[in-house]
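All remarks here apply to the structure that follows.
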4 protein chains.
Amino acid sequence: MKSDDAPRPRGRPRSTKARSAILRAARELLAEGGPAAVTMEGVASRAGVGKPTVYRWWPDRHAVAMAALMEGEAPQTTRRAPRSAILALRQQLRTIAERFASPTGRHVATMIAASDLETEFSKAFRNHFVLARRAEGRVLLEQAIREGDIRTDLDAEVALDLLYGPLFFRLLMGHAPLDASFTDEVLSHALQGLARRKSSIRSGG
Amino acid sequence: MKSDDAPRPRGRPRSTKARSAILRAARELLAEGGPAAVTMEGVASRAGVGKPTVYRWWPDRHAVAMAALMEGEAPQTTRRAPRSAILALRQQLRTIAERFASPTGRHVATMIAASDLETEFSKAFRNHFVLARRAEGRVLLEQAIREGDIRTDLDAEVALDLLYGPLFFRLLMGHAPLDASFTDEVLSHALQGLARRKSSIRSGG
Amino acid sequence: MKSDDAPRPRGRPRSTKARSAILRAARELLAEGGPAAVTMEGVASRAGVGKPTVYRWWPDRHAVAMAALMEGEAPQTTRRAPRSAILALRQQLRTIAERFASPTGRHVATMIAASDLETEFSKAFRNHFVLARRAEGRVLLEQAIREGDIRTDLDAEVALDLLYGPLFFRLLMGHAPLDASFTDEVLSHALQGLARRKSSIRSGG
Amino acid sequence: MKSDDAPRPRGRPRSTKARSAILRAARELLAEGGPAAVTMEGVASRAGVGKPTVYRWWPDRHAVAMAALMEGEAPQTTRRAPRSAILALRQQLRTIAERFASPTGRHVATMIAASDLETEFSKAFRNHFVLARRAEGRVLLEQAIREGDIRTDLDAEVALDLLYGPLFFRLLMGHAPLDASFTDEVLSHALQGLARRKSSIRSGG
DNA sequence: ATCTAAGCGAGACGGTACGTCACGTCTTGGG
DNA sequence: CCCAAGACGTGACGTACCGTCTCGCTTAGAT
């Protein structure tokens with residue numbers, strides 16, 4: 001069989017040099033002035049690139065900013081594997097909190113909230129920064145279930161939102177700090193539950 | 001006599017009429033095209049008002065849009081008081097979810113993301129739409145503690161974020177529906193906890 | 001020998017098919033939207049030709065438009081030779097007027113105005129559409145002199161401009177119709193002169 | 001009666017300062033690079049004016065260039081009245097030729113030929129630079145008729161085009177110089193006629 | 001029967017200018 | 001003193017073409 005699903009593009013190929021210059025420029029502007037500073041004109045002129053070239057790669061400035069954030073991410077510093085899935089979850093939540101507490105984190109959140117929700121690009125963006133981590137969390141959660149630390153009768157989607165939701169909440173509302181001690185507490189409260197233990201007999205409801 | 005209590009200002013009685021015309025126009029534009037459609041020019045012209053008049057009340061278009069959202073909120077349909085604080089919480093979460101699931105909910109999220117976080121106006125906005133509800137939740141939580149349904153040894157701020165964070169999360173990410181069954185599950189999962197009961201009764205592995 | 005002044009071109013020869021496709025496309029665009037519509041991109045895409053191919057033949061879009069106009073001209077419908085040079089002149093002026101009155105006439109004027117005046121291409125263009133006719137006129141004028149219908153003491157260049165200038169004038173200014181009756185009158189006025197006859201026969205004031 | 005056909009404009013009045021700055025900038029650019037150099041961006045930036053302000057006054061760059069040319073015209077240097085209408089005509093033709101021989105003259109011609117012919121603006125432009133002079137010429141021509149120097153049986157419109165057409169012809173075609181000796185010869189040839197005097201008896205035909 | 005160099009279509013490149021929109025400020029005259 | 005109206009300078013928008021440059025593929029004359 002031939003791999004003819006990539007129909008051999010005609011014409012001059014896109015310049016990856018231009019692409020990376022654009023992303024670098026966008027990253028700089030993002031760092032200097034936040035998402036609002038990522039204008040097409042600014043990006044193009046700083047990248048030494050024509051405006052149409054930017055539009056050739058991305059449909060609008062939001063997409064450029066998102067791409068810059070996604071591409072600009074530092075490589076994952078893999079830490080040694082924790083002993084249990086619960087500990088791994090705790091570690092992951094701490095890492096996420098640390099990253100989101102940075103200016104870049106604010107930018108990510110801003111862009112997520114401002115984006116269209118239906119656009120392909122914004123879906124990819126949310127997936128990259130949040131849902132992928134949440135999916136990792138799902139793996140850890142299932143592992144924790146197998147390890148006997150988590151109840152088997154719960155709705156995993158709800159459980160995941162219970163863990164990751166509070167992070168975003170603080171990030172966007174800014175009503176309280178977003179740090180490791182917070183995520184640790186979120187995890188422990190979520191695990192233990194808020195309800196007072198009435199008695200070992202009471203089945204709940 | 002009340003006829004002479006406003007003798008000195010020379011041209012001002014129009015003010016409240018202009019103000020509400022502006023807000024009505026902003027609300028309409030919001031409904032038609034989202035926050036991006038709330039432009040100063042659009043608002044002013046639709047309200048039949050000069051641009052400087054708009055600037056007299058609000059510093060920029062974000063503020064106008066926020067004010068429109070805040071003012072435009074339907075009056076609270078007070079439902080009969082639930083029997084317990086827990087049930088009241090459940091009811092409140094349902095109500096919030098219902099509102100967030102509407103287009104207005106998306107607009108609120110967008111505005112929160114776009115706003116400065118430090119501005120007085122945006123603080124008021126976040127407070128109006130989110131933190132005020134969270135504060136109501138704190139009251140209910142304390143009541144629930146007194147009623148003996150909630151543990152006394154928990155961090156209330158964390159507990160509150162555990163309840164409200166997931167709603168916000170789904171609002172922003174749109175990865176799953178934001179409805180009453182979700183908030184019910186959030187509440188029950190948060191109360192019961194995710195951890196498997198390792199009670200003293202538990203006999204074996 | 002003249003065969004070796006073309007130094008034996010290597011490689012693939014130019015495609016005359018491409019050339020004529022380009023000119024046809026340019027002619028169509030000219031007809032549809034005037035000279036402004038003859039863009040390199042438009043011509044190339046309509047001709048199914050790459051842009052560099054167009055540039056291989058002509059230096060810029062003006063040249064393409066000019067070439068299209070020159071090539072697209074209908075073949076000269078040779079009418080039977082008139083009895084005298086004066087009548088031939090009258091016929092020629094009528095023909096020119098007829099052509100200038102068409103949309104193509106306006107396009108020619110536009111191109112002449114837009115062109116550099118010094119460029120080789122624009123010289124050829126002006127020559128093709130105007131000066132060549134004027135040169136034909138010079139022949140007829142000289143013939144008419146020989147036939148005894150035209151004075152021998154006049155400046156032929158001035159005389160020619162006297163005949164062809166008015167046509168061009170109406171073409172450019174559009175202040176009055178450009179038709180056969182006009183050119184006939186131009187010719188007769190030019191021949192007879194505007195001045196009142198102050199002949200020796202004239203008896204009194 | 002009230003003069004209510006000028007319905008008293010509301011709002012801030014147009015800044016004539018901006019207007020004249022725009023025209024000055026356009027005039028400079030015209031002098032430096034011809035009509036092609038009169039770009040909206042260039043004009044606006046050189047005039048220290050926003051682009052929208054330029055568009056508020058004129059619909060496109062052609063109009064700006066035309067307005068600049070019309071406004072920038074040096075005041076008419078009135079020369080002493082000649083003894084006869086014929087001499088006045090000769091003087092006028094010389095003056096026109098002198099002006100059109102300048103770079104500005106080329107620009108005027110270029111703009112005339114490039115313009116739409118139907119636009120109100122371009123009509124005004126042609127009128128200002130050419131048809132107004134031609135109208136002056138009509139007055140002189142009628143005066144010359146009264147003075148007995150010009151035939152009474154001619155078509156004045158044709159006669160006028162016979163005088164002014166050759167000027168434009170040389171201006172645009174550049175095939176021969178456009179100077180006073182040319183216009184003098186045009187006038188004398190037009191007056192005397194090109195035809196050979198067959199005999200004093202022959203009435204013409 | 002190759003070889004090989006130019007032409008071919010396509011289309012991305014860095015640019016420039018377009019004409020529009022909205023910003024937030026300033027300037028009118030009227031009430 | 002506020003009001004509506006609207007012009008102001010600013011600056012970004014997204015588009016259209018410019019003329020140049022790479023691609024990989026013909027194609028036809030020279031070898």
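Residue numbers begin at 1 in each chain, while the letters A, B, ... track the order of the sequences.
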Can you check the [X] [atom1] to [N] [atom2] distance for me, whole Å?
X       : N      : atom1 : atom2 : answer
B:Lys17 : F:dA4  : NZ    : P     : 10 Å
C:Arg19 : E:dC8  : CZ    : P     : 12 Å
C:Trp58 : F:dG19 : CH2   : C1'   : 16 Å
C:Ile22 : E:dA10 : CD1   : P     : 12 Å

(Q) Both C:Ser15 and A:Gly48 contact DNA chain E. Which one's nearest nucleotide lies toward the 5' end? (A)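 The residue whose closest nucleotide sits nearer the 5' end is C:Ser15.
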
Q: With DNA chain E as reference, determine whether D:Pro13 or A:Arg14 sits nearer its 5' end, using the nearest nucleotide of each.
A: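 Here A:Arg14 is the residue nearer the 5' end.
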
Q: Report yes if a side-chain nitrogen or oxygen of D:Thr53 is closer than 4.0 Å to either non-bridging phosphate oxygen (OP1 or OP2) of F:dA7; otherwise report no.
A: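 So the side chain of D:Thr53 is outside the cut-off, no N or O lying under 4.0 Å from OP1 or OP2 of F:dA7.
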
(Q) Please confirm whether the shortest side-chain N or O distance from B:Trp57 to OP1 or OP2 of F:dC2 is below 4.0 Å. (A)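 The answer is no; no side-chain N or O of B:Trp57 sits under 4.0 Å from OP1 or OP2.
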
(Q) At less than 3.5 Å, do the side-chain atoms of D:Arg12 and the base atoms of F:dC8 form a donor-acceptor pair? (A)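 Such a pair does not exist between side chain and base.
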
Q: Using a strict cut-off of less than 4.0 Å between a Lys/Arg side-chain nitrogen and an Asp/Glu carboxylate oxygen, indicate whether D:Glu41 and D:Arg46 qualify as a salt bridge.
A: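 Answer for the salt bridge query: no.
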
Q) Would A:Arg27 and A:Glu32 pass as an ion pair if we require N to O under 4.0 Å? A)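 Salt bridge flag = no for A:Glu32 with A:Arg27.
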
Q. Are the ring centres of D:Phe125 and D:Phe129 closer than 6.0 Å?
A.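 Yes, ring centres under 6.0 Å apart.
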
**Q.** Test log, rule side chain to side chain donor-acceptor pair (under 3.5 Å), inputs A:Thr16 and A:Arg19
**A.** CA-CA 5 Å; A:Thr16 52; A:Arg19 198 190 116 99; over 6 Å; no

**Q.** Student check: side-chain heavy atoms of A:Pro35 and A:Met111 closer than 4.5 Å
**A.**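 With C-beta onward as the side chain, the pair touches.
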
Q) Is there side-chain contact between B:Val54 and B:Arg61, with at least one heavy-atom pair below 4.5 Å? A)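 Counting from C-beta outward, B:Val54 and B:Arg61 never come under 4.5 Å.
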
Q: At under 4.0 Å between heavy atoms, which parts of nucleotides 13-18 of chain F does protein reach? Answer with one letter per nucleotide, 5' to 3': B base, S sugar-phosphate only, - none.
A: BBBBBB

